[in-house]
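Just below is one structure, and these are the notes that go with it.
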Amino acid sequence: QENTPLLDVRSVTMAFGGIVAVRDLSFTVTKGEILALMGPNGAGKTTTFNLIAGALLPTSGQIFFDGRDITQTKPDARCKAGIARTFQITQPFDELTVVENVMVATMPYHSSMSQMRKDARRYVQMVGLAERADVMAKGLSTGQRKRLELARAMATRPKLLLMDEVTGGVDQKSIPGLLDLVKSLRDEGQTLIIIEHNMRVINELSDRAIFMNRGARMVEGTPHEVAGHPQVVDLYLGEG
Ligand code: ATP
């Protein structure tokens, strides 16, 4: 259905004992959209990803994906349903090669190793790691690890891709290439939620931004509107 959002987060709260990491958070993401999650450290962005991916079950509230209630669904089932994520701290299998790492992600789609390998090479190529395809993941730079992680997430053919700070901790010269990669995903209609601090990156990539503070949504709008919002300006200046 045209009007059904791909992701529908409804009044979700996540409390860890006395700490409320996410507070009564509601938002939707429609197909093909890129949503940026912003906010200072501890705002609840990563917890929100964990809730969407199923690594955490909310204290209250509901999450709908592709028209189905996935609130209590296990992470592997959510992955099968089409939710993939990358992590702020990348976590490939260090002792596997780049291609082998991606092969693991393509497994559900193929019955033979040669098919898996061929498919994996395609994603490795796509993220610009072709010349590193057969080196072990532990030999990669941070930027290359981010690319590998993207390839692994893309290889699961997700309907929704959650990307945690794709440009974070990456050397300056790798950033344009990573941005181009995300733009090419966007141009193919990939739906994305990105956690991002860099305002330039948010402006370039996202259709809409949600600024979180202390677990709650504080401001929502176009990147331009959010960046110019007095409370957002205050918090960012406050952070230095
Ligand atoms: P950052 O940019 O630093 O990653 P964030 O916006 O992603 O910040 P979260 O990591 O979601 O923020 O954390 C939100 C709050 O929840 C923080 O106060 C954090 O200490 C707390 N928190 C997160 N996970 C847990 C946990 N497993 N147990 C207890 N508290 C937690």
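As a basis for the values below, the full set of heavy atoms in this structure was taken, side chains included, without hydrogen atoms, waters or symmetry mates. Counting convention: from 1, in listed order, for ligands and their atoms alike.
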Atoms in ligand 1 flagged as close to A43, the criterion being non-hydrogen separation under 4.0 Å = 5 (P), 6 (O), 12 (O)
ask   = Between R10 and F64, is NZ or CZ placed under 6.0 angstrom from the six-membered ring centre and within 45° of the ring axis?
value = yes
message = With nothing but distance in play, are any N or O atoms of T46 less than 3.5 Å from an N or O of ligand 1?
response = yes
message = Would you say H110 and D119 are linked by a side-chain donor-acceptor pair, where the criterion is simply a distance under 3.5 Å?
response = yes
ask   = Between F16 and ligand 1, does any nitrogen or oxygen pair lie at a separation below 3.5 Å?
value = no
inquiry  = Tell me whether D164 is salt-bridged to R85, with the criterion being a basic N under 4.0 Å from an acidic carboxylate O.
reply    = no
query = Between T167 and E196, does any side-chain donor sit less than 3.5 Å from a side-chain acceptor?
reply = yes
task = Say whether G44, considering both its backbone and side-chain N or O atoms, lies within less than 3.5 Å of an N or O atom on ligand 1.
result = yes
note = Result for side chain to side chain contact (heavy atoms under 4.5 Å, CB included) between N213 and one of V219, L235, V232 points to L235
message = Is it the case that ligand 1 has an N or O less than 3.5 angstrom from some N or O of T48?
response = no
